[in-house]
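First the structure, in the form of structure tokens, and then the observations on it.
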Amino acid sequence: MAKPSLPQGTRDFNAATVRKRQYIFNTIRSVFEVYGYQPLETPAMENLETLMGKYGEEGDKLIFKILNNGLDNAAKNEKATEEFTKILLGKNTSFITERALRYDLTIPFARYIAINHNQLTFPFKRYQIQPVWRADRPQKGRYREFYQCDADVVGSKSLVNEVELATIYSTAFEKLGIDVEIRINNRKILAALAEVVGDEAKLTDITVAIDKLDKIGIGKVREELLQKGLTENQIDIIEKYLTINGSNEEKIKQLTTLLAQNEKGKTGIEEIEFLLNYQLNIVIDFTLARGLNYYTGIIFEVKAKNVQMGSIGGGGRYDDLTGLFGVPNIPGVGISFGVDRIYDVMEELQLFPTEVQIGTKVLFFNLGEAESKKAFELMQQLRNKNIACELFHEQTKFDKQFKYADKKQIPYAIIIGSKELEENIAVIKNLQTGEQQTLQQKELLLFAF
RNA sequence: GAGAGUAUAGCUCAGCUGGUUAGAGCGAUAGUUUGUGGCACUAUAGGUCGUGGGUUCGAGCCCCAUUACUCUCCCCA
């Protein structure tokens with residue numbers, strides 16, 4: 001038989017990894033909850049129609065499509081064969097596939113709003129932590145199945161939402177112990193730049209090129225813009241924009257001189273100033289663009305300090321997400337946590353608390369039939385007090401039982417042999433320090449494990 | 001979609017210009033006179049060298065094909 005293997009780009013998570021990941025999820029979830037966000041879960045699969053065309057041409061190709069379960073009527077055979085040829089040509093047909101795996105959490109959320117907007121109280125704040133699937137070529141830090149962790153608020157234009165989301169970022173990362181820089185920019189400013197440059201149609205090309213700045217450098221960005229058909233003069237203005245620097249105040253000052261005449265630019269600057277008034281721990285970065293096209297206002301990106309790693313969070317404001325589903329005029333703003341990268345950062349900087357990694361707290365040694373029966377009885381009492389315990393599965397040498405505890409990193413061993421059984425006592429040993437003490441069996445329940 | 005690399009024991013890898021019975025470390029299991037572990041020592045198990053062809057007296061090593069995985073670009077989290 002062939003060796004079993006995993007589908008490309010997927011992973012098993014062992015006990016230690018699951019615990020650490022849960023720790024991240026729980027920390028972020030608790031912050032979401034404290035800020036009044038409500039959980040939402042949507043199905044792993046959506047109707048293909050719901051997803052197609054929402055992520056651009058590239059994105060459509062990366063959607064995992066689910067094959068229909070055969071024909072209900074043999075008469076359709078010929079038609080099906082015909083339709084299948086279309087699939088081979090890269091086209092979609094509901095005859096062959098009408099469902100697909102969730103590609104992100106935002107579109108299913110928009111779909112949910114579109115279905116339920118009549119019954120929801122706005123502003124509607126939800127968070128969602130679920131896996132998504134992409135038929136991408138996997139590589140480092142990039143998988144075909146991975147978790148997203150999103151919080152959005154829709155039905156409100158207030159910038160207070162942006163303030164809250166920025167605060168959620170700093171609170172969550174502080175709780176996780178990660179030192180981060182929260183960068184912000186405003187799509188309105190980028191739009192203004194395109195207007196000032198004199199070519200609004202090139203907005204997307206400009207943002208895409210700018211987004212690559214820290215990766216490929218100013219020279220290559222110029223090259224790319226040139227290729228997209230911008231003139232040297234236009235690119236000079238963009239370069240001037242990209243070289244803005246200094247403190248937040250200085251940056252705003254420089255930008256004002258550059259874009260002051262432009263209405264959009266003015267609003268964009270005012271919005272950023274609104275956030276700055278809240279004394280948030282944020283940094284203006286006018287070179288921040290983010291790839292997703294649906295953003296229209298403030299955009300966020302979070303980077304971990306002291307470690308070489310891409311962004312570990314991002315988000316922004318969008319005006320009309322549900323318009324795609326026929327329900328217009330519901331603006332929103334949202335953020336996302338990149339859990340897999342956060343995991344890598346925390347692993348590298350050793351930020352996981354040791355408690356997270358302990359499964360079983362106490363191992364009861366098995367030293368005979370009567371002894372283990374007593375041990376079992378005591379163990380159940382500890383379990384009732386929510387202390388994770390195990391009884392060694394068979395009577396064997398001390399050596400083996402110790403090794404088991406050692407391998408599983410169990411911090412305490414409780415030893416009840418014939419002597420202890422007779423005298424109603426128990427030996428409790430701290431396996432890390434090697435210290436041990438003898439207690440009355442009933443005192444065990446009061447022991448601070 | 002474009003490109004590069006890797007494939008030998010459960011894991012990480014050696015294996016010389018092709019030459020007899022393919023090795024190490026870690027791990028696993030057992031033991032070192034059966035009520036105190038982690039260390040050390042000893043022993044044992046475990047591989048038709050990814051798969052299919054070819055060259056050769058002879059292939060883990062060379063050639064071709066194929067599959068899987070890893071990485072880079074595109075794109076993205």
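In the text below, chain A, chain B and the rest are named by the order of the sequence lines, each starting its count at 1. Bear in mind that the values here come from a model prediction, so they are computed numbers and not experimental data.
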(request) Figure out the CZ/C1' separation between A:Arg137 and B:rC73, and round it to whole Å. (result) 11 Å
(message) Quick check: on RNA chain B, is the nucleotide nearest A:Asp340 upstream (toward 5') of the one nearest A:Gln8, or the reverse? Name the residue that is more 5'.
(response) A:Gln8
(message) Rounding to an integer number of Å, can you tell me how far A:Glu301 CD sits from B:rC76 P?
(response) 12 Å
(request) May I ask you to establish whether A:Arg29 and A:Tyr127 are in a cation-pi arrangement, using a distance under 6.0 Å from NZ or CZ to the six-membered ring centre and at most 45° from the ring axis? (result) no
(request) Let me know the distance between NZ of A:Lys220 and C1' of B:rC74, rounded to the nearest Å. (result) 14 Å
(request) Any chance you could measure A:Ile28, atom CD1, to A:Phe337, atom CZ, to the nearest 0.5 Å? (result) 5.0 Å
(request) Tell me yes or no: between the side chains of A:Asn14 and A:Thr17, is some donor less than 3.5 Å from an acceptor? (result) yes
Restricting both atoms to N or O, compile the protein contacts to nucleotides 25-28 of chain B shorter than 3.5 Å, with distance only.
from	atom 1	to	atom 2	distance (Å)
B:rA28	OP1	A:Lys407	NZ	2.4

(message) What is the separation between atom CD1 on A:Ile342 and atom P on B:rA77, rounded to the nearest whole Å?
(response) 14 Å
(request) Specify the separation, in whole Å, of atom CG of A:Asp136 and atom C1' of B:rA2. (result) 14 Å
(message) Without decimals, in angstroms, what is the distance between A:Glu223 CD and B:rC74 C1'?
(response) 16 Å
(request) For residues A:Asp152 and A:Gly334, report the shortest heavy-atom separation together with the two atoms involved. (result) OD2-CA, 3.2 Å
(request) Could you check A:Lys61 against A:Arg341 and say which one's nearest nucleotide on RNA chain B is further toward the 5' end? (result) A:Lys61
(request) Determine the contact category for A:Tyr143: base if any of its heavy atoms lies under 4.0 Å from a base atom, sugar-phosphate if only primed atoms, P, OP1 or OP2 are that close, otherwise nothing. (result) base
(request) Report yes if at least one side-chain N or O of A:Gln139 is closer than 4.0 Å to OP1 or OP2 of B:rU72; otherwise report no. (result) yes
(request) Sugar-phosphate means primed atoms, P, OP1 and OP2; the rest is base. With that split, encode nucleotides 33-40 of chain B 5' to 3' as B, S or - using protein heavy atoms under 4.0 Å. (result) --BBBB--
(message) Stem list for RNA chain B, please, built from Watson-Crick and G-U wobble pairs under 3.5 Å and keeping only runs of at least 3.
(response) B:1-7 with B:67-73, B:10-13 with B:23-26, B:28-32 with B:40-44, B:50-54 with B:62-66
(message) A:Thr433: which residues meet the side chain to side chain contact (heavy atoms under 4.5 Å, CB included) condition with it, sequence neighbours left out?
(response) A:Asn430, A:Glu435
(message) Whether the A:Tyr37 and A:Glu33 side chains hold a donor-acceptor pair (N or O, under 3.5 Å, no angle test) is what I'd like checked.
(response) no
(request) Give a yes-or-no answer on whether the side chains of A:Tyr143 and A:Asp136 include a donor-acceptor pair shorter than 3.5 Å. (result) no
(message) Using a 4.0 Å heavy-atom cut-off, does A:Gly313 contact any base of the nucleic acid, only the sugar-phosphate backbone, or nothing at all?
(response) nothing
(message) With a 4.0 Å limit, can you tell me whether A:Gln148 has a side-chain N or O closer than that to the phosphate oxygens OP1/OP2 of B:rA77?
(response) no
(message) My understanding is that only residues two or more places apart in sequence, or in another chain, count here; which of them pass salt bridge (charged side-chain N to carboxylate O under 4.0 Å, His left out) with A:Lys212?
(response) A:Glu224
(message) Taking the cut-offs as 6.0 angstrom to the six-membered ring centre and 45 degrees off its axis, would you call A:Arg134 and A:Phe64 a cation-pi pair?
(response) no
(request) With the side chain counted from C-beta on, respond yes when A:Ile63 and A:Tyr55 share a heavy-atom pair under 4.5 Å apart, and no when they do not. (result) yes
(message) We want to know whether A:Gln22 and A:Arg19 form a side-chain donor-acceptor pair, criterion being a heavy-atom distance below 3.5 angstrom.
(response) no
(message) Suppose we screen for salt bridge (charged side-chain N to carboxylate O under 4.0 Å, His left out). Which residues come up paired with A:Asp399, at least two apart in sequence or across chains?
(response) none
